[in-house]
Amino acid sequence: MKNELLTNPLLPGIRFWVCEDYYAMSRKAAAIVGGAMQQKNDFVLGLATGSTPVGLYQELVGMYEAGVLDFDKVRTFNLDEYYPISREDCQSYYYFMFDKLFSRVNIKKENVHLPDGSAPDPEAACKQYEASIEPVDLQVLGIGSNGHIGFNEPSDSFIYPTHVVNLTANTVKDNSRFFESADQVPRKALSMGIGTIMRAKSILMVVSGRNKSTALREAFEGGIVPQVPASILQLHPNVTVVTDREAASQIVSWT
Ligand code: F6R
C-alpha cells in the first residue's frame, strides 16, 4: 500500500502521512528528515528518544552509510533527559542517542546537545539549556499515550521554557518497560517547554501503535488544551505527522 496523505482545511499547517506499518512509517520519516537536511549544510535538528524514532534513526544511519547524508555540520538539540542521571548510565537519553544515532554517523560530539541530567542545580541547567538552543530547522517528536510531547505532561497550563518536570504515574508506567522495574524509573526530567518546541521552524511527529490512537485523535481532533499538551501543535504552521495505520485508526476528520 502507498503512504496516504491526509489534510484538513481547518488546520492548513498540518499534514498526516498514514503508512502501512512501523517500517513504512520510519522510511517516510527518514525521507522527510533526510530531504530537509540535504537543503541546508548547517542543519539544526531537534531530536526525541523513546521507541518510536528508533526505526527513523536506523534509516538515517543507512542513508549516511550510503553517502546520501552528511552530519559533519549538523547540530542537534534533544527534547529531554531524565533527572538525576549520569550520561554514562545506559538508561540516559544521552546514552540512547549515541547508541542509536550519534556514534553511527559523522556528527561532531561538540555539536550534540541534551539537557544535563547530572547538573547539581537542575533549574539552572534548564535555563542554560534553553539559552543554548539555536533556531531548530526541524524538530522530531513522539507522543505519549497521555498526549505529552517532550516531557510536557498533561497540566492546567502550557509551560513555555525548558523546565524541571515531575513525571506522571502514567509516564513512569509507560517508560518502565525500558527498566527492570517501575521503581527504577527516575521521577523527574528536564524537558524543553511547549514554547521551546513551538519555536521550531518545522515539526515532524512520528506515531506508532494502537495505544497511541486516542492521544493522536485528542491532539488533532479535539480542543487545544494543556491537558493534552500535543494539541498545541494545531497552532504551529508547519507540522508533518507520520503514523502507522494502527495509530491513525481513530482519526476521522482528515481526508
Ligand atoms: C522522548 C520524548 C517523549 C516520547 C514519548 C513517546 O524524548 O520526548 O515525549 O516521544 O514518550 O515515547 P515512545 O516512542 O517510547 O512511545
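Whatever order the structure lists ligands and atoms in, that order sets their numbers, starting from 1. Position 1 is the first residue of the sequence; numbering continues from there. Treat the numbers as computed from the prediction; the structure is a model and nothing was measured.
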Legend entry - Polar proximity ligand 1 side, Asn175 side, N/O cut 3.5 Å exclusive: no
Inset, instruction - Among all protein heavy atoms, pick the one closest to atom 6 (C) of ligand 1 and tell me residue, atom and distance. - result: Ile143 O, 3.4 Å
Inset, instruction - Mind telling me whether Phe98 and Tyr94 have parallel, tilted or perpendicular rings, with 30° and 60° as the class edges? - result: tilted
Inset, instruction - Can you spot which of Leu138, Ile14, Thr240, Ile197 makes a side-chain contact (heavy atoms from CB on, under 4.5 Å) with Ile203? - result: Ile197
Inset, instruction - Check if Arg177 has a non-hydrogen atom at a distance under 4.0 Å from any atom of ligand 1. - result: yes
Legend entry - Any side-chain donor near an acceptor of the partner, Gln58 and Ser26, under 3.5 Å: no
Inset, instruction - Using the salt bridge (charged side-chain N to carboxylate O under 4.0 Å, His left out) rule, collect all pairs that involve residues 199-208, keeping only residues at least two apart or in two chains. - result: Glu130-Arg199, Asp137-Lys201
Legend entry - For Asp80, the ligand 1 atoms whose distance to one of its heavy atoms is below 4.0 Å: 1 (C), 2 (C), 7 (O), 8 (O)
Legend entry - For atom 16 (O) of ligand 1, the option (of His148, Lys212, Glu153) bearing the nearest heavy atom: Lys212
Inset, instruction - Among Phe178, Tyr82, Tyr83, find the residue that satisfies the ring pair (Phe, Tyr, Trp, His ring centres under 6.0 Å) test when tested with Tyr93. - result: Tyr82
Legend entry - Subset of ligand 1 atoms that lie under 4.0 Å from at least one heavy atom of Leu79: 8 (O)
Inset, instruction - Please work out which of Gly209, Pro229, Gly150, Gly144 has its closest non-hydrogen atom nearest to atom 9 (O) of ligand 1. - result: Gly150
Legend entry - Within residues 9-50 or reaching into it, pairs that qualify as ring-ring contact (aromatic ring centres under 6.0 Å, His included) - sequence neighbours excluded: Phe16-Phe220, Phe16-Trp254
Legend entry - Residue portion contacting ligand 1 (non-hydrogen atoms closer than 4.0 Å) for Asp174: neither
Legend entry - Distance from atom 14 (O) of ligand 1 to nearest protein heavy atom, with residue and atom: Thr52 OG1, 2.4 Å
Inset, instruction - Report the nearest protein non-hydrogen atom to atom 1 (C) of ligand 1: residue, atom name, distance rounded to 0.1 Å. - result: Thr49 OG1, 3.2 Å
Inset, instruction - Could you find the nearest protein heavy atom to atom 10 (O) of ligand 1 and give me its residue, atom name and distance? - result: Gly142 CA, 3.3 Å
Inset, instruction - Could you verify whether a donor N or O on one side chain and an acceptor N or O on the other, from Asn78 and Thr76, lie under 3.5 Å apart? - result: no
Inset, instruction - List the steps, then state whether side-chain contact (heavy atoms from CB on, under 4.5 Å) holds for Leu167 with Arg187. - result: CA-CA 5 Å; Leu167 302 185; Arg187 293 316 200 247; 5.7 Å; no
